[in-house]
Structures are given as C-alpha cells and as structure tokens.
Amino acid sequence: MEPHFDVEAIQARWLPVWEDLQPFRASDDPADPRPRCYVLDMFPYPSGDLHMGHAEAFAMGDVIARYRFLKGDNVLHPIGWDSFGLPAENAAIVRGENPAAWTHRNIATQAESFRRYAISVDWSRRFNTSDPQYYRWTQWLFLTCFRRGLAERRASAVNWCPSCQTVLANEQVVAGECERCGAAVTKRELTQWYLRITDYAEQLLDDMAELRGTWPERVLTMQRNWIGRSTGAYVDFALCDDQGTIVDGGPVTVFTTRPDTLFGATFFVIAADAPLASALVTDEQRAAFTDYLAQVRRASDIERLAADRPKTGVFLGRYVRNPLDGSALPVYAADYVLADYGTGAIMAVPAHDQRDLDFARALDLPVRVVVETGEPDPAHTGRATVAEGVAVDSGPLTGLATAAAITAAIDLLAERGTGRAAVTYRLRDWLISRQRYWGAPIPIIHCPQCGEVPVPEADLPVLLPDLSGEQLTPRGTSPLGAAVQWLSVACPHCGEPAQRDTDTMDTFVDSAWYYLRYCSPQDDQQAFDPAAVRRWLPVTQYVGGVEHAILHLLYSRFLTKVLRDCGLVEFGEPFRALLNQGQVILNGAAMSKSKGNMVDLGQQIDAYGVDAVRLTMVFAGPPEEDIDWADVSPSGAKRFLARAWRLARDVTAEPGAPERGDHSLRCATHRTVAEVEQAITGLRFNVAVARIMELVNTVRKAIDSGPGPADPAVREAVAAIAIMMSLVAPYTAEDMWSLLGHPPPVARAEWPQVDPALLVQREVTCVVQVAGKVRARLAVPPGIDEAELSRRALADAAVERALAGRGVARLIIRPPSLVNILPEVAS
RNA sequence: GCUCCCGUAGCCCAAUCGGCAGAGGCAGCGACCUUAAAAGUCGCUCAGUGCGGGUUCGAAUCCCGCCGGGAGCACCA
C-alpha cells in the first residue's frame, strides 16, 4: 500500500476487481424481500465518446442509485443505447459503410468510458435500440397502436427539413427550425403515418396532477403549454349573400373561446392555405386569391412566426351569416389564421381580439364593441379589450358578465342547432414516418387489393435491408424504396404481389418504451414481461436533461397510457420522479466546437482522476443548475479526496467497540450521516458533499490534536466517510475501505446506522433577544420548557442590563433556541 | 409582449417552521512543517442577503413595486 494518494494506482487497482464482482446486478427473484427501486438515466445516443454532459448526468444518477444500494434496496439501474438516428447514417454515407459499423464502434467506446467512470449499472441488461431483437418490439408497438386505431396514414401539410431530407413531428420543429440541424423547415403535402396522441390530450393533462412535486414544475408547465387546452365552442356560420340570405353550401364552422363576443363579429377569416379557402373563393376573386396564396406559400415559417408583422389578406367574394343576429359577414383569406388549428377559420371580433383588430385596421373594416371592460374604445386606441366585462349591444346577452354570457351564448347556439361547447388542443398528432434508413421499418405492407396490411407478428422483425454508403444518400424519398428485393413481398392477406412501407419510424418511438425493456431485456417472446414490469415500474427516479421536457417525456407518457389501455401495464405514468440536471458550460456559454470552448472529459479525467471529476460535478451546486467549468475546481476536489484518503491511512484503532470512542466525535459522525441522508433524499447532493467535507475536517483534528488515531470513534467516523463518499468517489472510497481492512466492494456495504441517542445534543445554545437584539446566549438542555427557559433568560445579567429597569411587556419563547423579550415602552 | 424561476462574501454556493446570516469549497493572506519547493496542517480577511416599501416581537425566507439575470411561450382564435 503506497503511503500517498495515487489516483492512477487506485483506479488501476479497483476497476478489474469490480469487473469481477459485478456489484450492481438487479435481482429478478420475485421472492426477494428487499424493497425495489428503479433508477434510470436517459440513455445515451452513441455519438462518439462520452462528454461532460454525460459525466454530469450520470454522476447525479449514480448518487441516487448507489445510495439505494447501500440502503439495502434491490436496485434496477440499467444502461443501453439509443442507437438509431441520423448521425450514424450521415457518417455511413461519408465512410461508405453501413450505419451499424459506426454505431457499434461508438457504443464500444462509450461503454468502456462508462466502465472507467464507474457508474453503478447492471451491465447484463444493456441493449441497443438498433438491434433487431429490440426494434422487433418497436414494430410490435406500432402494430399494437395500429390495431387500436391509434396509428393511421393520412395526407396533410407536414414539416419538411430540407437538410435532413425528411419530415419532422411538430415537437421537432423549434421556432421554425429543425430541432436536429437548425435548417429552416418548410411545408410539404405528404401522406404519412401518425400516432393519435391527441386522443390522449386530456389524460396527458389530467395525469400531471400525480407528478406535481416530483417533477420540475417548469417541465409540467411546458407540457401543459404544449398540449394547449382551450375551452369554448364550435359555431356554424351558414353561407349567405351580402344581405344575409342563406345560399347553398356550408355551413362553415369556427372554434372560439369567446362565443359571448359573437355580436361583435364584423368579418370572417379563413386560413389562406386551408383547402376551404380555395373551395369558397368566387370566380371574380380567384385571381387575387391565387396571387395572395402564392405570396403566402413563399414566406418561410420563420417569417410567418414573426408576431408583429403587418396583417394581410384578400376578400374571397363570399359572405357568411352570423347565427345570432343574422348579419352578413364578409369572408377573407389571411395567413394569420392557421390552417391546422381549430377548423382553420375564425369569426373576427376586432374590438376584443388584437389580431382581428390589426387586420380590421389594415383593411379598414368596422369595429363593434360588445363587451364593456372600462377600457377606452379599441377603434381609437388600436388596443383590443380582451379582458372580461359586461356584454353590451348583444341582443339577449346584453347585461351579462363575461362568464355568464359565454354560457348563455352556447345555450342559445345549441338551441338553434348552430353551435356547441367544445374543447380544442394545440397538440397535434405525432408524425412518425421518416424518409431515412437508420430506423425501425414501419411494419406495414401496401397491397393494391387489401390496402394497408400489418405484417403478421410472426414475421417480425421487418429487418432493414443491408445498405451502405451512397445507397443511403437522401433523395427526399426513403432509401428503402431502392432496395427492390426487400421492397417486394406477397400480401399476407391475399398473397398477391405487394410492397413494404418504405419509411422508418421516428427514433423517439424507440426511446418511448425502452424503460420497459430493461425489466426483461432478453425476452424473445414479448416486448416486456408484464410481471417484471409490475415489479419494477414506475421508475422511482428518472434523471435527464430538460431538452426532453416535451419530446421524449410526452411521447413516453402517451405510449404508457396506450399500453395501460391494452392491459399490458398497470400504471399511466412511467416516471414517478424526474430530475433535470443542468448543463456543463464554460464561461457562461454552452460548450461548442465552433466556439472553441470545449472541455474534454477524457483530459479532465487524465488530469484529476474519475473521482475528482465526479466530485466536481456533484459539488458544484444544486444538481438542476448549470455548472460553469470556469467556476469549479477539479484540483480542489482532488485535494479533498487525498485528505479523506489519508484519514483511512492514519487510522490505527482496531475494529469494533465504537461505543468506547470519543463521544463528541461520535455525535459528529452520526449527525453527519443523518444530514447526508436527508440531503441525498432531497436531491441536494452538493449539500451532502459539504457535510462529508465537514466531517473529514473534524476527523483530521481528532487524529492530530484530539483523541488520536487509535480511538475507536475515529475508525467509526472514517468508515462512515468511506461509505458515504462511495456515492460520489467510488475509487477513493474503495481504497479507504480496503485500508480499513474491509473486503470490496464498499458499494455493497451497509449504510451506517444512525444511533438516535447520539443525535440528541446535551446542550444547545439559546439566543436571548431584547427588543429583537441579541443580548445573551445561554447553554440549555434541549428539552427545556418555556417556564424554565424564560426564568433563565430573565435572570441573565446581560439581559437585565439591556432591560435597564424596564418592565417586560411581552415574552416570545421558542424553546430551546430563542427568547425575545419586549420591554415596556417608557411613556 | 405574456408567464415562471433566480439575485446571500472577490467567486461557486449553505441556511427544515419566519428565529444567532455562514456549513462546505475556490481564490487571497499568514504561520507551522521543509535544506528548498511542492504537498500537507493550522489560522485569518471578506457580506448583512439586488433596490424601495409593507406585514411581524422578529424577514434571506411572506406580500407589493422597481432593477438585473435566466428559462419557457409567443398570431393557437
């Protein structure tokens, strides 16, 4: 044993030992009496080696998992790879190989780095989503949705990334740009597969109630906003002439959240790019409309999203009839109305909607105030009055407050059969088709006779054809379409020649169910073993970045609910608690190659060691906050580890009989264990580390200038330190454990038992204030009662001096820590 | 523009219920140790909690208004 702390030697010593011991196997024995706990880190995408972000996230997850192991739980802490996706495909094109080659090399590299990083995972459960044994079940999941009517193929204007050459789901378009590559997204009219997540909108909202308190509030808010529930009404507008006389065709339906403002509608707008606009335009107006539509189509999504650009539109030559007052409203086409929200058409109430007012002012249309809010006239100010108020000039609604007027308007419409209460959502169905190679093929066969025929389950997986290099070059249609042999297949239904679907699934489908697969990763009969899932799920603690606040987490919640409705799982929410760790940044900015402010994880580990890097991550601050690498000190972390390690080296006490040790050191040890435990369970890992540091300092003093290294309390303290430190610094802790004479692994030692008797302090300090100012400190027993405490406080000489003969007007007593004496005011 | 979160020492951050503003670390200074340096050990300096009000016996903590920083949403009818 070397006399000095030697990081390299310690790492080299223990890594092979752990490899041998496999300390983190989860037990699948149903009779195992230990409480079960499922700690899950969002699985990595294999893009090269691990980076600082992985190091942080997995350091956090590891604290939780290792703590549960030490507490004696049967812990499931798995890892795998989210290994389908575009980067592999792009690399394969450049290198002239199959994406699997690049993918597997990167996974091997990352796995090796994870081993060295000493994360506490059950390596026997690893899998990759690109393995046929896995994607077979992704395809099964798709078919499960298909059979329930939740997967359907339909034509629609979809988001198209010209750079990735594929369509994107709504969630994958951020401010008009591709979430992956940042290219400006355009629209295409395509027939694509959708999963009907909108069927679950209400449940996705409602079930967030059970996540409150254990998920970050901001993630819940983001999901709530994304789902975007609106309550209001559908209102039918009959087509009419300019006098309000009903003509053939129609009606046209709109959604509104303010049916109470129906009497204020002065015109009507249809999204220019909605089919309805082209259908309604009159021959006289067709030329103007066509010009306008072309202009709208030229504008990119990014331009359209600029909120304050001027309103434009054209008259369609048609009128609709206001169902309540019979007036004729001119119909316009405009691009401020969205084709795919609500019905793609609106009734315009310029007095009480800013967008409508802007449009009305641009085209010189009338403004009618129908809600009195106390604010000035919108027609003059240009500011719509959107607040609630009292209905005016609104026929039977007049005089009603907004809430009542809304109800009354809906009743009125329902009575006449021209409207009904309704709820709409911002959430759209999940577009899952991708025109790329490296994903799970959609298991559908298109038969000229039978239509869309699901691949029989016995024929799964539909394997990817072996394509590589330039065969994968994106051409706007799936590369699978060029694999003629693969493509042609007999219809499972009628046996006639048919073709496979050539698209692959969004990789977010792969990751929407992987947490179920970890329970029975080798099962070749089913996607997951329901009994095993019942034992392990829901996930006790999920750890991952906030960038998945909507995407992955929403999809996973959705598919879990689908599986629950299939009777395959018994819960609706897969992740009971969520921790969003922050990012590692440098000098206030996200690390990026182009900015040249990268910190290389491998270099940091080489310079300071695995433990110091992990400790730096965990100690830097609250886990959910970003870590600026310029603000932290891995060398300081390494110094601390060395200090702690030397304690173990210096202990000379024989094992056993801690109760004969120094009492105050024992109190410090037990108090620290209790506080560390509290900090860990509260996810305040930085505080837990600080408490351990404090104890290390205390023990150093005990060895050098206190009871000395032979005192049993010193051994007890150092053993506790080794165990607690193993959460963050497994190598150092293992070496300390070994120096104390224990066999590895420290990770499976027992969390130190706290002796409650040692937490009770014999004496506490009571502060005595006079008129809020501290005048004295008393040493009192912790169980002191009010009477005794006030007696002692008033008897104190300093207090007497401060009172200066004044009487006591009021006594505030909070035993045992505080007495506040309010003197009588001399009048 | 709307909503939410956060402002504590030179820096990163603690402070269960409203009860002594400071646990831990970084940086700095000093002493000891050392042939010397590094390492190590010990000690010290440093804020009254962004600003202004309010509630309270008592506010970093609760309320209101500003200032600064961050995040989310942003034609969703």
Side-chain angles (χ1 to χ4, degrees), chain A residues 4-5 175 216-226 228-230 232 235 254-259 261 269 271 304-309 311 334-338 340-349 352-356 358-359 386 424-428 546 549-550 588 615-616 619-622 624-628 630-637 639-640 642-643 646 672 675 678-679 682 684 686-697 700-701 703-705 765-777 809-814 817-823:
Chain A
H4 299 293
F5 182 65
E217 195 54 46
R218 105 182 133 133
V219 172
L220 296 178
T221 304
M222 285 166 74
Q223 293 217 355
R224 203 173 296 118
N225 290 342
W226 187 260
R229 186 181 198 267
S230 296
V235 184
V254 301
F255 176 74
T256 177
T257 56
R258 293 292 298 272
T261 62
V269 188
R304 282 194 64 165
L305 284 168
D308 49 358
R309 74 199 181 98
K311 296 277 184 288
D335 67 353
Y336 82 93
V337 172
L338 305 176
D340 54 0
Y341 182 78
T343 63
I346 62 155
M347 62 176 207
V349 185
H352 308 297
D353 183 288
Q354 190 61 47
R355 297 153 299 181
D356 296 344
D358 293 343
F359 189 84
V386 298
T424 61
Y425 300 91
R426 207 186 87 119
L427 181 70
R428 312 289 155 77
V546 73
I550 296 173
L615 177 62
T616 303
F619 183 56
E624 59 278 4
E625 238 134 82
D626 288 349
I627 299 170
D628 196 325
D631 289 336
V632 297
S633 171
S635 63
R639 270 203 303 279
F640 165 73
R643 242 178 36 225
R646 283 194 301 271
T672 301
E675 286 176 355
Q678 212 159 35
R684 286 146 51 237
N686 54 324
V687 180
V689 171
R691 291 283 108 83
I692 298 171
M693 288 175 165
E694 205 177 351
L695 184 59
V696 166
N697 293 343
R700 184 75 259 164
K701 278 177 202 154
I703 290 176
D704 291 349
S705 53
T765 304
C766 175
V767 171
V768 185
Q769 301 176 332
V770 176
K773 286 206 170 83
V774 180
R775 297 297 186 185
R777 289 164 215 274
R810 200 174 149 194
L811 266 178
I812 293 118
I813 308 167
R814 295 284 177 275
S817 57
L818 181 126
V819 176
N820 191 4
I821 303 164
L822 302 182

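Below, chain A is the first sequence line, B the second, and so on; all start at residue 1.
- Taking atom CG of A/Asp358 as the reference point, atom P of B/G1 lies 15 Å away to the nearest angstrom.
- The distance between atom CD1 of A/Ile692 and atom P of B/A14, rounded to the nearest whole Å, is 16 Å.
- Considering only the side chain of A/Phe255, B/A77 comes nearest among B/A77, B/C12, B/C26.
- Distance check, rounded to the nearest 0.5 Å: NZ of A/Lys701 to CD1 of A/Ile703 gives 13.0 Å.
- Here, B/A9 and B/G54 have their C1' atoms 28 Å apart, quoted to the whole Å.
- Counting to the nearest Å, the C1' atom of B/A74 and the CG atom of A/Asn225 are 10 Å from each other.
- Along RNA chain B, the nucleotide closest to A/Asp626 and the one closest to A/Trp226 are compared, and the more 5′ of them pairs with A/Asp626.
- When A/Val632, A/Ile692, A/Val689 are each tested for a side-chain contact (heavy atoms from CB on, under 4.5 Å) with A/Leu615, only one passes: A/Val689.
- Nucleotides B/C26 and B/C63 place their P atoms 36 Å apart, quoted to the nearest Å.
- What separates CD of A/Glu624 from C1' of B/C4 is a distance of 15 Å, to the nearest Å.
- Put simply, the side chain of A/Arg218 and the base of B/A71 share no donor and acceptor less than 3.5 Å apart.
- Closest approach to the A/Pro622 side chain among B/A14, B/A77, B/A74 is made by B/A14 (side chain taken as heavy atoms from C-beta onward).
- Note: CG (A/Leu615) to P (B/G24) measures 15 Å, nearest angstrom.
- In this structure, A/Asp631 places its CG atom 13 Å from P of B/A27, rounding to the nearest Å.
- A search for ring-ring contact (aromatic ring centres under 6.0 Å, His included) contacts involving A/Phe359 returns A/Phe267, A/Tyr332, A/Tyr336, not counting sequence neighbours.
- Distances from the side chain of A/Met693 to the nucleotides B/A77, B/G25, B/C13 place B/G25 closest.
- Going from atom CD1 of A/Ile813 over to atom P of B/C57 covers 16 Å, rounded to whole Å.
- With P as the reference atom, B/G68 and B/G10 are 22 Å apart, rounded to whole Å.
- Ranking B/A77, B/G72, B/G24 by closeness to the A/Met222 side chain, first place goes to B/G72.
- Expressed to the nearest 0.5 Å, how far CD1 of A/Ile550 lies from CG of A/Asn225 amounts to 8.0 Å.
- When all heavy atoms of A/His352 and A/Val386 are compared, the pair lying nearest together is O-CG1, 3.4 Å.
- Among the atoms of the strands shown, base atoms are found under 4.0 Å from some heavy atom of A/Arg691.
- Among the atoms of the strands shown, only primed sugar atoms or phosphate atoms (P, OP1, OP2) are found under 4.0 Å from some heavy atom of A/Thr257.
- Side-chain contact annotation: A/Arg643 with A/Asn697, donor-acceptor N/O pair under 3.5 Å present.
- Following rounding to the nearest Å, A/Asp353 (CG) and B/G1 (C1') show an atom-to-atom distance of 15 Å.
- Residue-level contact check: A/Arg428 touches the bases, meaning some heavy atom is under 4.0 Å from a base atom.
- Taken to the nearest 0.5 Å, the CG atom of A/Asp631 stands 11.0 Å off from the OG atom of A/Ser633.
- Distances shown here put every side-chain N or O of A/Asn686 at or beyond 4.0 Å from the OP1 or OP2 atom of B/C12.
- Using a 4.0 Å heavy-atom criterion, one finds that A/Leu822 contacts the sugar-phosphate atoms exclusively.
- Taking atom P in both B/G25 and B/G7, the straight-line distance is 22 Å, to the nearest Å.
- When the salt bridge (Lys or Arg N to Asp or Glu O under 4.0 Å) test is applied to A/Arg646, no partner is found at least two apart in sequence or on another chain.
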Produce the list of close N/O pairs, under 3.5 Å, pairing protein atoms with atoms of nucleotides 33-41 of chain B; give distances to one decimal.
residue: B/G40; atom: O3'; partner: A/Arg646; partner atom: NH2; Å: 2.8
residue: B/U41; atom: OP1; partner: A/Arg646; partner atom: NH2; Å: 3.3

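- Within 4.0 Å (heavy atoms only), A/Glu217 reaches no atom of the nucleic acid at all.
- Base orientation of B/G30: anti, the glycosidic angle falling outside 90° of 0.
- The same atom, C1', is picked in B/G48 and in B/A59; the two are 13 Å apart, to the nearest Å.
- In this structure, A/Ser705 does not reach the B/C42 phosphate: none of its side-chain N or O atoms is under 4.0 Å from OP1 or OP2.
- By the ring-ring contact (aromatic ring centres under 6.0 Å, His included) test, A/Phe255 is found to be paired with A/Tyr234, residues two or more places apart in sequence or in another chain being considered.
- Closest to the side chain of A/Val687, from the set B/U16, B/A14, B/A77, is B/A14.
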Q: Taking Watson-Crick and G-U wobble pairs with both distances under 3.5 Å, convert RNA chain B into its dot-bracket string, 5' to 3', dots for unpaired and | for cross-strand pairs.
A: (((((((..((((.....[..).))).(((((.......))))).....(((((..]....))))))))))))....

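- Between A/Ala348 and A/Asp356 the shortest heavy-atom distance is CA-OD2, 3.3 Å.
- Of the P atoms belonging to B/G69 and B/C12, the separation is 15 Å, rounded to the nearest Å.
- Two residues, A/Thr256 and A/Val632, neighbour RNA chain B, and the one matched to the more 5' nucleotide by heavy-atom proximity is A/Val632.
- Glycosidic conformation, B/C4: anti, with the torsion outside 90° of 0.
- Separating the P atom of B/U16 from that of B/C4 is a span of 25 Å, rounded to the nearest Å.
- Note that the CD atom of A/Glu694 and the CD atom of A/Glu675 stand 7.0 Å from one another [nearest 0.5 Å].
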Atom pairs, protein N/O to nucleotides 17-19 of chain B N/O, distance under 3.5 Å:
residue: B/G19; atom: O6; partner: A/Arg814; partner atom: NE; Å: 3.3
residue: B/G19; atom: O6; partner: A/Arg814; partner atom: NH2; Å: 3.3
residue: B/G19; atom: N2; partner: A/Gln769; partner atom: OE1; Å: 3.4
residue: B/G19; atom: N2; partner: A/Asn820; partner atom: ND2; Å: 3.4

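- A/Glu624 CD to A/Arg684 CZ: the interatomic distance, rounded to the nearest 0.5 Å, is 11.0 Å.
- Among the heavy atoms of the strands lying under 4.0 Å from A/Asn697 are primed sugar atoms or P, OP1, OP2 only; no base atom is included.
- Here the closest non-hydrogen pair linking A/Val269 and A/Ala334 is CG1-CB, 3.5 Å.
- Using a 4.5 Å cut-off on side-chain heavy atoms (C-beta onward), A/Arg258 and A/Asp353 make no contact.
- The same atom, C1', is picked in B/A23 and in B/G40; the two are 23 Å apart, to the nearest Å.
- The two residues A/Ala549 and A/Val219 make their nearest non-hydrogen contact at O-CG1, 3.8 Å.
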